[in-house]
Asks: 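Pasting a structure here, questions to come.
All of these numbers come straight from a predicted model, not from anything done at the bench.
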Amino acid sequence: MKLNNKGFAISTIMYMILIMAVILITLTLTLLSSRKLILDKSKEEARTNIYSVYNVSYREALNVLKSEAIAYASKNSIEKESIKIENLNSSIEKQILDAYQLSEKYLTLSRNNSSYDVYLGKSDIVTSVSQKVENLIDIVDYKIYGNSVQGSVPTSSSPVEIESVGDLVIDESDDNYGKYKIPITISGNNLLDPNSKLSAVPLKFYLGIDLTGMEEPYSLRIELKDNKEVPNGVYFGLVYKNSQDATQASAAWLISNGVLQYNFKTSNDVNTKYGVGLSVYPGTQQNWDKIMDAFEISLYKGEYTEDTMPQYEPYIGTTINIYLDNPLRKIDEYEDYIDFSNNIYIKKINEYIITGKESEISHKWAYSGGYGYEIRSNVLNSVGIPGKTIAMCNYFPYFNTKNVRADHVRLITDLSSYGYIAISDVNYPGKDYVDAFVTNLQNLYNSGNPVKVQYPLKASSSIEIDLPRIPTGLGYDSILSVDTKTKPTNLEFTVIQKIKQL
């Protein structure tokens, strides 16, 4: 077959372009590889130069730091603590620590029987209410800030409560009844809690945990612990219903009467049409405990192959509750917050509850203006109210001017000796209605549904509070979350991520 000159020229040009592209890609990869080699060589030369100047290698420096950290932990009877290396008072000169970029890193000490495990780590700041942190080993500080929201605009006949950061404890048998709870949860990749509350799954013959609500696919990794034996007479595996009414059930036994059948299994390997449970047979708590004692079992979200299955990690499911006398509130740029490192609660928002008996402390109890009835309660110190006269209320929307013929609440700060809360309610249009209006306020208060007004303080107050330390695992990928109904507008968790164990 003959090609004309034009066809030959086009094919030749395309071939040359392909050759040039291959050459360009090869050169790029070579340059990148060379750059990495140059960087690695530069790092090695830097370390060599440090060693030649100070006669201390990087490894030797870490060994000294480890010994000093263990001595510090033993002397102070520490269970677990992270200390910044520059604060360790090490015998290694600061110039050496700086040269090896160790001064800003951390040593995490964790008691292990009569000795200590020591980990090298780096710090980072978490600012999300739910965030995955790789290799989380410790949390050394945290600040949680307030937030205040209302689901809709309140009216005098349809109040809307102000919701802030912290869930009210309403169980009267709880020691923290009447306080506000902020749960902080640490959870890992392994979803199997060996101490789970067990139930019949799916029939009374099998006892375990129900996986019906778990998003599929999921995978199991099962490995026998060192110096342990597979329990005889016990079966463990995935039990699933054969019918929707669970009159029949089948099992994929992963551990069967003294034999480990599988060290890996996915939910796709069994019939999950009518739900599945992770169960033991015979169905007793004792048999479940035998399996948990003998095996390292991981339950992971997602589908894996035996080669890609993550290594075993212990279950992490820790929730620490912070209890406060008041929720963390926020109005405009004013926001309450808690500070773990200083053990303080910074209060910038105050709440005043109207009782209807303010005449006992008020300079001028009632005022009837042209825009509806107005009750004035001079319970506020004008020095303490900020220049922005802003507030939130559960019965009235806020307006910053009195010249509005509508139900509203506002703060008045134009008096030299005091300030006051003003409520305008068009349902009470004049002074002839004063008694009825005051009686209504008293009735609301007595019924447990009072008018509440929240407002910023010009000067914040600092309250000492004993804030809990938040425990973590020892270097596992973990989800850190703040589990309040109303989420904080801002937070800062200073976390330590493991680099390696020394």
Side-chain angles (χ1 to χ4, degrees), residues 80 124-151 161-197 209-215 218 299-301 313-330 335-341 343-347 349 465-474 476-497:
K80 183 180 180 183
D124 195 12
I125 303 295
V126 170
T127 58
S128 173
V129 294
S130 183
Q131 181 172 330
K132 184 174 183 178
V133 183
E134 295 181 351
N135 302 312
L136 177 64
I137 195 170
D138 203 4
I139 298 173
V140 294
D141 194 14
Y142 59 85
K143 292 183 177 68
I144 302 175
Y145 294 80
N147 189 17
S148 294
V149 297
Q150 285 178 291
E161 291 303 314
I162 304 166
E163 297 180 350
S164 300
V165 178
D167 302 327
L168 182 63
V169 179
I170 59 175
D171 182 358
E172 294 185 3
S173 64
D174 194 310
D175 291 340
N176 293 288
Y177 171 71
K179 292 190 175 184
Y180 294 84
K181 179 174 69 175
I182 301 176
I184 310 296
T185 300
I186 306 290
S187 57
N189 290 324
N190 184 2
L191 303 177
L192 176 60
D193 180 0
N195 299 312
S196 297
K197 184 177 180 180
I209 57 175
D210 189 355
L211 301 180
T212 304
M214 184 174 177
E215 183 180 349
Y218 48 82
L299 175 64
Y300 294 113
K301 179 181 177 180
E313 64 180 60
Y315 171 78
I316 303 171
T318 301
T319 298
I320 294 297
N321 295 320
I322 299 170
Y323 293 98
L324 304 174
D325 291 333
N326 299 286
L328 298 175
R329 302 181 174 110
K330 174 180 169 64
E335 56 186 339
D336 302 334
Y337 68 91
I338 52 175
D339 180 348
F340 170 74
S341 61
N343 271 318
I344 54 174
Y345 162 47
I346 301 299
K347 183 178 180 180
I349 308 294
I465 183 174
D466 187 17
L467 293 169
R469 181 182 178 87
I470 301 173
T472 69
L474 291 173
Y476 303 108
D477 293 351
S478 305
I479 303 295
L480 172 61
S481 61
V482 180
D483 298 327
T484 48
K485 181 181 178 182
T486 301
K487 303 300 182 184
T489 54
N490 187 25
L491 54 82
E492 296 175 13
F493 282 84
T494 304
V495 301
I496 305 299
Q497 296 172 280

Asks: Is there a side-chain contact between D141 and D339 (heavy atoms, below 4.5 Å)?
Replies: yes

Asks: Out of curiosity, S164 OG to Q150 CD, how far, rounded to the nearest 0.5 Å?
Replies: 9.5 Å

Asks: Atom CG of N490 and atom CD of E335: how far apart are they, to the nearest 0.5 Å?
Replies: 6.5 Å

Asks: Checking D138 side chain against V140 main chain: does a donor-acceptor pair fall under 3.5 Å?
Replies: no

Asks: Does a side-chain heavy-atom distance below 4.5 Å link Y300 with E313?
Replies: yes

Asks: Is there side-chain contact between I346 and I338, with heavy atoms separated by less than 4.5 Å?
Replies: no

Asks: Could you tell me whether the side chain of D124 reaches within less than 4.5 Å of the side chain of F493, counting heavy atoms only?
Replies: no

Asks: To the nearest 0.5 angstrom, please state how far the CG atom of L467 sits from the OH atom of Y142.
Replies: 4.5 Å

Asks: Is D175 atom CG crowded by more than 12 heavy atoms from other residues, nucleotides or ligands, each under 6.0 Å away?
Replies: no

Asks: Would you say I170 has more than 12 foreign heavy atoms packed within less than 6.0 Å of its CD1?
Replies: no

Asks: If you apply the rule side chain to side chain contact (heavy atoms under 4.5 Å, CB included), what do you find for I349 with L328, and how did you get there?
Replies: CA-CA 8 Å; I349 308 294; L328 298 175; over 6 Å; no

Asks: Are any side-chain N or O atoms of D167 and backbone N or O atoms of K485, one a donor and one an acceptor, separated by less than 3.5 Å?
Replies: yes

Asks: Quick one: NZ on K143 to OG1 on T127, what's the gap to the nearest 0.5 Å?
Replies: 13.5 Å

Asks: Determine yes or no for a side-chain-to-main-chain donor-acceptor pair under 3.5 angstrom, with N147 supplying the side chain and T489 the backbone.
Replies: no

Asks: Is there a donor-acceptor pair under 3.5 Å between the side chain of S478 and the backbone N or O of Y476?
Replies: yes

Asks: Backbone N or O of V149 within a donor-acceptor pair of the E163 side chain at under 3.5 Å?
Replies: no

Asks: Does I144 form a side chain to side chain contact (heavy atoms under 4.5 Å, CB included) with I322? I'd like the steps, not just the answer.
Replies: CA-CA 11 Å; I144 302 175; I322 299 170; 4.2 Å; yes

Asks: Determine, step by step, whether K330 and V165 satisfy the side chain to side chain contact (heavy atoms under 4.5 Å, CB included) criterion, reporting the C-alpha distance in whole Å, the side-chain angles of both residues, the deciding distance to 0.1 Å, and the verdict.
Replies: CA-CA 9 Å; K330 174 180 169 64; V165 178; over 6 Å; no

Asks: Could you pull out the closest heavy-atom pair between G178 and L168, with the gap in Å?
Replies: O-CD1, 3.6 Å

Asks: Search all heavy atoms of L192 against all heavy atoms of P194 and return the closest pair with its distance.
Replies: O-CD, 3.3 Å

Asks: Under 6.0 Å from the CD atom of E134, do we count more than 12 heavy atoms belonging to anything else shown?
Replies: no

Asks: Is the shortest side-chain heavy-atom distance between R329 and I162 below 4.5 Å?
Replies: no

Asks: Which value, rounded to the nearest 0.5 Å, describes the distance between D325 atom CG and Y180 atom OH?
Replies: 10.0 Å

Asks: Evaluate the side-chain proximity of K179 to D174: yes if any heavy-atom separation is below 4.5 Å, no if none is.
Replies: no

Asks: Whether the side chain of T185 engages the backbone of T319 through a donor-acceptor N/O pair (distance < 3.5 Å, no angle test) should be reported.
Replies: no

Asks: N190 versus P314: any side-chain heavy-atom pair under 4.5 Å?
Replies: no

Asks: Could you give me the CA-CA distance, side-chain angles and deciding distance for D483 and K181, then say whether salt bridge (charged side-chain N to carboxylate O under 4.0 Å, His left out) is met?
Replies: CA-CA 10 Å; D483 298 327; K181 179 174 69 175; over 6 Å; no

Asks: Kindly say whether V482 contributes a backbone atom to a donor-acceptor pair with the side chain of K487 at under 3.5 angstrom?
Replies: yes

Asks: Report the C-alpha distance between Y323 and V169 in whole Å, list the side-chain angles of each, state the deciding distance to 0.1 Å, and finish with yes or no for side chain to side chain contact (heavy atoms under 4.5 Å, CB included).
Replies: CA-CA 9 Å; Y323 293 98; V169 179; 4.0 Å; yes

Asks: Please report the shortest heavy-atom distance between G166 and T484, naming the atom on each side.
Replies: N-CG2, 3.9 Å

Asks: How many angstroms lie between CD1 in I186 and CG in L480, if you round to the nearest 0.5 Å?
Replies: 4.5 Å

Asks: If you compare all heavy atoms of Y218 against all heavy atoms of M214, which two are closest, and at what distance to 0.1 Å?
Replies: CB-CE, 3.4 Å

Asks: Could you point out which residue of I496, I316, L136 forms a side-chain contact (heavy atoms from CB on, under 4.5 Å) with T472?
Replies: L136

Asks: With a 4.5 Å cut-off on side-chain heavy atoms, are I139 and F340 touching?
Replies: no

Asks: Is the backbone of I182 close enough, under 3.5 Å, to the side chain of N321 for a donor and an acceptor to pair up by distance?
Replies: no

